[in-house]
Each structure stands twice: as structure tokens, then as C-alpha cells.
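The structure displayed is predicted, hence computed values, not measured ones.
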Amino acid sequence: MTDRPLRVAVWSTGGIGSIAIRTLHQRPGHDLVGVWVHSADKVGKDAGVLAGGDPIGVAATNDVDALLALRPDCIVYAASAPDREPTAVPDYVRFLKAGVNVVSTSTSRAVYPPTFEPWRAQLEEAAEAGGASFYVSGLEPGFAADQLPLALATQSSAIRSVYAAEIAIYDDYPVKFVMMDAMGFGLPLDSKPLIATPGSIAGSWGSSLHLMADAFGLKLDEVRESYERVATDRTLEVACGTIEAGTCGAMRIRAIGIVEGREALIVEHVNRMARDIAPHWPNADGHVAYHVRIEGVPDIDNMMTLSVRDPAKAGISGMPGGAGGMVATAMRVVNAIPYVVEARPGLLSSLDLPLTVPRQAFDWTA
């Protein structure tokens with residue numbers, strides 16, 4: 001453990017990156033030394049202002065060499081794009097080879113590195129060459145459907161199955177590509193969004209299944225996929241656009257880990273554009289909830305919700321219902337920074353780290 005503040009840079013000033021910027025600037029033990037931006041019109045602007053707050057004296061840059069010249073101990077990578085893996089991996093490789101540790105929310109399939117193909121080998125080589133570590137996390141995948149069930153299972157004498165679900169209303173999620181093109185909201189029920197492509201569900205959530213299987217000492221025979229949709233009976237105006245009556249207003253996505261012919265590990269998403277659509281599916285209080293149920297001895301049932309009392313104070317706008325989830329996603333990697341810096345070089349999952357308890361996070365004004 002180093003006695004000096006850790007030098008940290010943030011890659012991107014979107015929703016997650018902005019939360020990371022504000023937290024790193026405020027929290028002792030970290031020195032926010034640089035922020036990278038994609039848009040030329042943001043270059044030179046104060047990162048605090050770009051993050052929705054007051055100036056902090058750190059100017060944004062789009063010069064990677066200049067960012068690396070700041071000698072960060074770690075980069076928080078929070079860029080978002082439809083082609084995240086092909087876009088992000090070359091950046092990861094460059095940082096790791098330069099000896100800079102990376103924590104990322106951008107490539108969720110890497111929460112369990114052994115399944116992050118076909119990029120795993122080049123990341124391992126880069127990490128070895130630079131003596132640096134690489135860690136990906138988030139709320140889900142990254143915690144609610146993998147590490148949280150494992151923590152709850154420390155109470156178990158015997159386990160028959162593990163079920164982990166996100167139950168959420170996505171009416172305030174503004175990204176049209178993700179909601180419509182990728183997931184299928186607002187599309188006819190016979191359409192084929194990206195999530196309906198064979199292998200897409202397993203690719204997105206299989207990493208959580210494999211991480212849990214590794215921890216439990218199980219071997220997955222296969223990962224099965226399930227995708228169901230229910231139409232809305234009325235037209236809805238939501239953050240990502242118009243959801244016409246008769247098009248998809250709710251969906252239920254499942255990635256199922258099969259062990260010895262049994263459904264042993266299940267990760268599910270029940271997502272709606274309005275609470276009353278598909279009432280026969282699991283529901284929960286609040287805008288977003290995470291439900292874990294472990295059948296065994298004892299049976300364990302846990303419902304987790306996240307909320308932010310004052311989203312504006314937290315620097316979040318436009319997603320009041322999802323604000324808690326955004327903060328949690330960012331903090332899964334921000335809180336991990338000192339642990340990743342202290343860890344062995346290489347590709348890490350939550351199984352390789354202790355609990356990433358936030359250091360110096362108590363704030364009586366929060």
C-alpha cells in the first residue's frame with residue numbers, strides 16, 4: 001500500500017465517467033490528474049464542469065500521449081459505444097503496456113476474464129509486459145448477479161440453485177440504440193433485435209454464470225438462453241423515444257447455467273417501460289431492484305434497491321429512477337482502484353480481490 005495519493009485518470013465524461021470524476025476529486029487518497037474526452041469541443045474545458053459540477057482545475061484532453069505522460073497509477077475507463085469491445089480493447093492494451101492499471105465499466109463480458117474471448121490473450125500479454133492489472137466490474141454484471149449471490153451463499157449449508165434478477169423500469173433510460181435496436185423495446189414482437197441473436201444473451205450475462213460456477217467449483221455443461229416479450233396496450237412516451245401500442249413494452253431475458261442437466265444458476269432481467277405491463281412477471285417496489293434467491297439450506301431471499309435522495313447533488317440528470325444504479329456502477333470500479341493497484345499484474349475478477357470496501361468514503365453531508 002502506497003502512502004501517497006493514487007494518481008487517477010478518467011476516460012470519458014458520460015454518465016458513469018462524470019460520477020467517477022466528481023467522486024475522485026472529492027475523496028482523499030486519490031489525485032485526479034487527467035480526463036480524456038472524445039469530442040473536440042470538450043478539449044481544454046474543465047473536467048468538473050463537464051461532469052456537471054464546479055471547476056476542479058483539471059483540463060480535459062483528447063491526447064492519449066499527454067494523458068499517459070501524467071503518469072496515472074490507474075485509468076477509470078467509462079466509455080460507452082455500441083461496439084465496445086473492438087473499440088476499448090486497443091485502448092486497454094496501450095494502457096497496460098505502458099504500466100497503467102485499468103478499471104473499466106465498458107466491457108461487461110470481462111467481469112470474468114477467462115470468458116473474454118477473443119481478446120483475453122492480447123490483454124494478458126499487455127498486462128505482463130507492463131506489469132499492470134486489468135479489472136472490469138459494474139452493478140450488473142459485476143455485482144448484483146455474481147458477487148452478491150456469492151456473498152449471500154456464505155450462509156449456505158447446501159445449495160440447489162441460485163437465481164439473480166434485475167427487475168427494472170427503463171422509461172428514463174435515454175439511449176435509443178440500447179433500448180430499441182439492441183434490446184427491442186418499441187419494435188414489433190416478431191422483430192429480431194440484437195439481443196435476440198443466438199449467443200447474445202449468453203455473451204452478455206454468461207460471464208456472471210461462469211464466475212459463480214468457478215467460485216462454487218461447478219462445471220457448466222452449457223448456457224441456455226431465453227427471450228420473451230409482451231406488447232404495450234398503449235403508446236408510451238419515454239426517454240428513448242416513442243413506444244407505440246402493440247410493440248414491445250416489456251421483456252424477460254434469461255441466461256441459464258446448466259449443471260448435470262439441471263438449471264443450477266439463473267441470471268434474469270425483467271425490464272419494462274411501464275410498471276403495469278406483463279403483470280404476471282416478477283415485479284418489485286422501486287424503479288430498479290435486484291432479487292437474489294438461493295434455494296437450499298437455508299433458503300435465502302434478498303431484494304436490493306438503490307436510490308439517490310438528490311440526483312442533482314450527485315451530478316446526475318435525466319435518469320432519476322436509475323440514479324442509484326449509475327452511482328453503484330461507477331463506484332464498483334472507483335472503490336476497487338487501490339485494491340487493483342496493489343494486486344498482482346494480470347487480468348482480475350472479483351474472485352481475485354478482497355471486498356473492495358471504499359476507503360475514506362464516510363461523509364456526514366452525503
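Residue I169 belongs to no hydrophobic cluster, having no ILVMFWY side-chain heavy atom closer than 4.5 Å to its own. Counting side-chain heavy-atom gaps under 4.5 Å among Ile, Leu, Val, Met, Phe, Trp and Tyr, L189 is found in no cluster with other residues.
The backbone N or O of I19 lies less than 3.5 Å from a partner atom in the side chain of T23, making a donor-acceptor pair. In this structure, the side chain of Q155 engages the main chain of L152 through a donor-acceptor pair within 3.5 Å. Side chain of N101 to backbone of D73: a donor-acceptor contact under 3.5 angstrom is found. Proximity of a side-chain donor or acceptor of S207 to a complementary backbone N or O of A110 within less than 3.5 Å is not detected. Within the 3.5 Å criterion, the main-chain N or O of V136 finds no donor-acceptor partner in the side chain of S104. Proximity of a side-chain donor or acceptor of S191 to a complementary backbone N or O of P193 within less than 3.5 Å is not detected. Within the 3.5 Å criterion, the main-chain N or O of A151 finds a donor-acceptor partner in the side chain of T154.
For the pair D31 and R4, the salt-bridge criterion is not met [side-chain N within less than 4.0 Å of a carboxylate O]. Looking at D171 and R275, no side-chain N of the basic residue comes within less than 4.0 Å of a carboxylate O on the acidic one, giving no salt bridge.
One finds the CZ atom of R120 at 10.5 Å from the CD atom of E125 (value rounded to the nearest 0.5 Å). Distance check, rounded to the nearest 0.5 Å: CE of M331 to CE of M326 gives 10.5 Å. Atom CG of L348 is separated from atom OH of Y135 by 8.5 Å, given to the nearest 0.5 angstrom. To the nearest 0.5 Å, atom CZ of residue R7 and atom CD1 of residue I337 are 13.5 Å apart. Put simply, CD1 on I294 and CD1 on I300 are 4.5 Å apart, with the number rounded to the nearest 0.5 Å.
When the side-chain hydrogen bond (donor to acceptor under 3.5 Å, both in side chains) test is applied to R109, the partners found at least two apart in sequence or on another chain are E85. Residues meeting the side-chain hydrogen bond (donor to acceptor under 3.5 Å, both in side chains) test with T242, sequence neighbours left out: E237. Scanning for side-chain hydrogen bond (donor to acceptor under 3.5 Å, both in side chains) contacts around S200 gives an empty result, with sequence neighbours left out. For F134, the ring-ring contact (aromatic ring centres under 6.0 Å, His included) criterion is met by Y92, not counting sequence neighbours.
Relative ring orientation between Y170 and F185 is described as perpendicular, the plane-to-plane angle rising above 60° on a 0-90° scale split at 30° and 60°.
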Salt bridge (charged side-chain N to carboxylate O under 4.0 Å, His left out) between R262 and E295, intermediate numbers included: CA-CA 13 Å; R262 299 173 181 266; E295 293 184 340; over 6 Å; no
Residue pair V288, L139: steps toward the side chain to side chain contact (heavy atoms under 4.5 Å, CB included) verdict: CA-CA 11 Å; V288 182; L139 175 55; 5.5 Å; no
Step-by-step side chain to side chain contact (heavy atoms under 4.5 Å, CB included) determination, V162 to F216: CA-CA 11 Å; V162 176; F216 285 127; 4.1 Å; yes
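With a 6.0 Å radius and a threshold of 12 heavy atoms from other residues, nucleotides or ligands, D41 has its CG atom above the threshold.
Nearest heavy-atom pair across I56 and G48 is CG1-N, 3.5 Å. Minimum interatomic distance between G14 and S12 (heavy atoms only, all atoms of both residues): N-OG, 3.3 Å. Across all non-hydrogen atoms, the minimal contact from S133 to P345 is OG-CA, 3.4 Å.
For the pair R359 and Y339, the cation sits on the ring face: its NZ or CZ lies under 6.0 Å from the ring centre, inside 45° of the axis.
Between the side chains of H30 and Q360, no donor-acceptor pair of N or O atoms lies under 3.5 Å. Using a 3.5 Å distance cut-off with no hydrogens or angles, the side chains of W205 and E268 do not pair a donor with an acceptor. For the residue pair S137/R332, the side-chain donor-acceptor check at 3.5 Å is satisfied.
Each of I266 and L150 belongs to its own hydrophobic cluster when Ile, Leu, Val, Met, Phe, Trp and Tyr are linked at side-chain heavy-atom distances under 4.5 angstrom.
Proximity of W119 to V93: side-chain heavy atoms (C-beta onward) are nowhere separated by under 4.5 Å.
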